[in-house]
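First comes the structure, then the notes that go with it.
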Amino acid sequence: MPPHHLAQLGSFPASKYGAGDVAIVGAGIVGICAAALLSEAGYSVTVYDRTGVCEATSSGNASAFAFSDVLPLAHKGMMKNLPRWLADPLGPLSIRPSYLPKLLPWLWRFWRASSPRHFEASLAAQAAMMKLAEPEWMELLDRSGTRHMLREDGSLELYGSEAEFLASLPGWQARDRYAIPYRHIEGEELAALQPGLSSQFHKATFLPGWKTSIDPKLLGKAVWAYAETIGARFKRAEVTGVEASQNGVTLRFADGATARAGKVLIAAGAWSHRLAAQLGDRIPLETERGYNTTLPVDAFNVKRQLVFPGHGFVITPLSTGLRVGGAVELAGLELPPNYARSKAMLEKAKRFLPGLKTEGGREWMGYRPSLPDSLPVIGRSRAPNVLYAFGHGHLGKTQAAATARLIRNLFSGEAPAIDISPFSPQRF
């Protein structure tokens, strides 16, 4: 390890357990960031996942570090648009009719989260999380030698009408309370920031602090490579059961094998609630199924991430291609993908960027773990020696390093870097 890393690790407490003391269930971006920070702190960490490191949802996201995205999903503007969106099966938000009965309790909680009291509480918690997330990520990128994989070009939120722009203003006013920088632009400045846009976009909002990575899968694997250099280990295995006691935790795998650990972190994304239920924690986790198409690099010269809030998708320039995707489909974990959704976004992108070459794309679907108040679960299980870190919705990558910092605080007995009561697993 480089000497400057050793100097930074000096203040971390030594591990209190023996070899294999911490097991992490889930090798998505949250799990591997936690593995990196716990390994830095001297813990012996083993990560288990049924696919691989950043091979599932963390591999195909829009690659944003969305530190300014503090509005809860169930904000007023979204609730007003909900009936119109649900009427369009290929729109920004859809629900499979066959899944609706199972989803109704979650939708009730989601609707309640849009009340002014719940909205303000979620907004404040999200803003605190984002204030922690940015410096934690920048420091982790530096320590892991991956800062070169960061792009700091800002983003553009694009409005197709004056009404759409005016509807966005309350959200920007909410961000003003947390000193999030942005500016509304139009005309020549908009054309300079992104040449080739359709003329229907005459206004936009530029966010200078918005960041992306060159590719989310490549970044995740690079952070994991760093974690491995400081002792973290990976084992490909599907965890199907967890039993906790004061003496440690037993993991049970799909092949019948078991493993013991002093403590366990469950960071298994959209599958996490199934394990939590075995420990007595009933957490209303649902799945935002997101779709995208990654086009060849030369499909269009996109200068920075483009956000189309009225249509629920983004376009991101990556080192590996041009990614067109987003939107939300609430349909659980079992139903087959509906790739008509990714095709619909691609057709819109073609209209919004005349000249976009739509041939040769790769379609993808991922499972975003979503809670009705838009806040993740970060904290202790009811069972001993088990912690949770899941439910970040579409902000898993953005908040991964901050979540890892909070988990390290909890493991080591330190005071958390921010108030974590809004993220309590027992809040439901």
Discussion item. Quick check: Tyr48 with Phe253 (ring centres under 6.0 Å apart)?
Written reply: yes
Discussion item. When you compare the side chain of Met130 with that of Leu395, does any pair of heavy atoms fall below 4.5 Å?
Written reply: yes
Worksheet item: Counting distance only, does the side-chain N/O of Arg341 pair as donor-acceptor with the main-chain N or O of Val328 below 3.5 Å?
Response: yes
Worksheet entry | Donor on one side chain, acceptor on other, Asp215 and Ser319, under 3.5 Å | no
Fill in: Closest approach of Ala27 to Ile32 (non-hydrogen atoms, all atoms of both residues)
O-CG2, 3.7 Å
Practice prompt. Give a yes or no on whether the backbone of Leu356 and the side-chain of Lys350 come within a donor-acceptor separation of less than 3.5 Å.
Written response: yes
Practice prompt. Please indicate whether Lys131 has more than 12 foreign heavy atoms, meaning atoms of other residues, nucleotides or ligands, lying under 6.0 Å from its NZ.
Written response: no
Discussion item. Let me confirm one number: the CG-OG distance from Leu37 to Ser412, rounded to the nearest 0.5 Å.
Written reply: 10.5 Å
Discussion item. Between Arg323 and Thr316, does the side chain to side chain donor-acceptor pair (under 3.5 Å) criterion hold? Intermediate values first, please.
Written reply: CA-CA 5 Å; Arg323 184 157 291 166; Thr316 311; over 6 Å; no
Discussion item. Under 4.0 Å between a side-chain nitrogen and a carboxylate oxygen: does that hold for Glu238 and Arg252?
Written reply: no
Worksheet item: Between Phe390 and Trp271, is the gap from one ring center to the other below 6.0 Å?
Response: no
Discussion item. For the aromatic rings, using the six-membered ring if either is Trp, is the centroid distance between Tyr291 and Phe313 under 6.0 Å?
Written reply: no
Fill in: Side-chain touch Glu55/Arg50, heavy atoms, less than 4.5 angstrom
no
Worksheet item: Which heavy-atom pair separates Pro181 from Pro208 by the least distance, and what is that distance?
Response: O-CD, 3.7 Å
Practice prompt. Step by step, work out the side chain to side chain contact (heavy atoms under 4.5 Å, CB included) result for Asn385 and Arg380.
Written response: CA-CA 8 Å; Asn385 296 312; Arg380 301 182 188 280; over 6 Å; no
Practice prompt. Only counting residues at least two apart or in another chain, list the ones meeting side-chain hydrogen bond (donor to acceptor under 3.5 Å, both in side chains) with Thr146.
Written response: Ser144
Worksheet item: Does a donor on one side chain and an acceptor on the other come within less than 3.5 Å for Tyr159 and Thr205?
Response: yes
Discussion item. To the closest 0.5 Å, what do you measure between CG (Leu207) and CZ (Arg175)?
Written reply: 7.0 Å
Practice prompt. For residues 395-405, pull every pair meeting salt bridge (charged side-chain N to carboxylate O under 4.0 Å, His left out), keeping only residues two or more places apart or in separate chains.
Written response: Glu136-Arg405
Worksheet item: Of all heavy-atom pairs between Gln278 and Thr240, which one has the smallest distance, and what is that distance?
Response: NE2-O, 2.9 Å
Discussion item. I'd like to know if the side chain of Ser342 pairs up with that of Glu363 as donor and acceptor (distance under 3.5 Å, no hydrogens or angles considered).
Written reply: yes
Practice prompt. Decide, yes or no, whether a salt bridge links Arg96 with Glu329 under the criterion of side-chain N to carboxylate O below 4.0 Å.
Written response: yes
Worksheet item: To the nearest 0.5 Å, how far apart are CH2 in Trp210 and CD in Glu152?
Response: 14.5 Å
Worksheet entry | Expected output: side-chain Arg368 to main-chain Asn61 donor-acceptor under 3.5 Å | no
Practice prompt. Take Glu120 and Arg177, measure what salt bridge (Lys or Arg N to Asp or Glu O under 4.0 Å) needs, and give me the verdict at the end.
Written response: CA-CA 11 Å; Glu120 289 299 329; Arg177 303 205 297 273; 2.7 Å; yes
Practice prompt. Kindly indicate whether the side chain of Ser213, heavy atoms from C-beta on, has any atom under 4.5 Å from the side chain of Leu150.
Written response: no
Worksheet entry | Pairwise side-chain contact, Ile24 with Asp49, heavy-atom cut-off 4.5 Å (strictly under) | no
Response to the item:
Tightest non-hydrogen contact, residues Ile315 and Pro317, listed as O-CD, 4.0 Å
Practice prompt. Could you verify whether a donor N or O on one side chain and an acceptor N or O on the other, from Thr212 and Arg151, lie under 3.5 Å apart?
Written response: no
Worksheet item: Which atom names give the shortest non-hydrogen contact between Ala402 and Ala133, and what distance separates them?
Response: CB-CA, 3.5 Å
Worksheet item: Between the main-chain N or O of Gln426 and the side-chain N or O of Arg282, is there a donor-acceptor pair closer than 3.5 Å?
Response: no
Worksheet item: Side chains of Met365 and Asn292: closer than 4.5 Å at any heavy-atom pair?
Response: no
Worksheet item: Do any N or O atoms from the side chain of Ser58 and from the backbone of Ile29 form a donor-acceptor pair under 3.5 angstrom?
Response: yes
Worksheet item: Looking at Trp137, is Arg147 sitting on its ring face, NZ or CZ under 6.0 Å from the six-membered ring centre and within 45 degrees of the normal?
Response: no
Worksheet item: Is the backbone N or O of Phe411 less than 3.5 Å from a side-chain atom of Tyr43, with the two atoms forming a donor-acceptor pair by type?
Response: yes
Worksheet item: Does the side chain of Glu288 come under 3.5 Å of the side chain of Ser370 through a donor N or O and an acceptor N or O?
Response: yes
Discussion item. Any side-chain to backbone donor/acceptor pair from Arg236 onto Thr51? Under 3.5 Å, distance only.
Written reply: yes
Worksheet entry | Value rounded to 0.5 Å, distance of CD1 in Ile407 from CG in Leu265 | 5.0 Å
Worksheet item: Are Leu103 and Ile95 close enough that some pair of their side-chain heavy atoms sits under 4.5 Å apart?
Response: yes
Item to complete: Check step by step if side chain to side chain contact (heavy atoms under 4.5 Å, CB included) holds for Glu286 and Leu371.
Response: CA-CA 6 Å; Glu286 266 302 332; Leu371 291 157; over 6 Å; no
Discussion item. Which label fits Tyr182 and Trp172: parallel for a plane angle under 30°, tilted from 30 to 60°, or perpendicular past 60°?
Written reply: tilted
Worksheet item: Is there a side chain to side chain contact (heavy atoms under 4.5 Å, CB included) between Val297 and Leu318 once you walk through the steps?
Response: CA-CA 7 Å; Val297 173; Leu318 305 174; over 6 Å; no
Fill in: Any side-chain donor near an acceptor of the partner, Glu40 and Tyr226, under 3.5 Å
yes
Worksheet item: Can you check whether Leu275 reaches Val25 side chain to side chain, under 4.5 Å on heavy atoms?
Response: yes
Item to complete: Give a yes or no on whether the backbone of Ser44 and the side-chain of Asp21 come within a donor-acceptor separation of less than 3.5 Å.
Response: yes
Discussion item. Could you check whether any side-chain N or O of Lys211 sits under 3.5 Å from a backbone N or O of Gly209, counting only pairs where one atom can act as donor and the other as acceptor?
Written reply: yes
Discussion item. Side chains of Thr46 and Arg233 only: does a donor on one sit below 3.5 Å from an acceptor on the other?
Written reply: yes
Discussion item. A side-chain contact here means heavy atoms from C-beta on lying under 4.5 Å apart; do Ser114 and Phe119 qualify?
Written reply: no
Worksheet item: Any idea which heavy atoms bring Ser98 and Pro101 closest together, and the distance?
Response: O-CD, 3.8 Å
Worksheet item: Do NZ/NE/NH1/NH2 and the carboxylate oxygens of Arg109 and Asp373 come within less than 4.0 Å?
Response: no
Worksheet item: In Å and rounded to the nearest 0.5 Å, what is the SG to CG distance from Cys54 to Leu218?
Response: 10.0 Å
Show me the donor-acceptor pairs, under 3.5 Å and distance only, between side chains in residues 64-74 and residues at least two apart or in other chains.
from  : atom 1 : to     : atom 2 : distance (Å)
Asp69 : OD2    : His394 : NE2    : 3.2

Worksheet item: Hey, do the aromatic rings of Phe352 and His311 have their centres closer than 6.0 Å?
Response: yes
Worksheet item: Would Val242 and Thr250 count as a side chain to side chain contact (heavy atoms under 4.5 Å, CB included) if you check the C-alpha gap in whole Å, the side-chain angles of each, and the deciding distance to 0.1 Å?
Response: CA-CA 6 Å; Val242 55; Thr250 299; over 6 Å; no
Item to complete: Determine yes or no for a side-chain-to-main-chain donor-acceptor pair under 3.5 angstrom, with Gln126 supplying the side chain and Ser374 the backbone.
Response: yes
Worksheet item: Once you round to the nearest 0.5 Å, how far does CZ of Phe428 lie from CD1 of Ile283?
Response: 6.5 Å
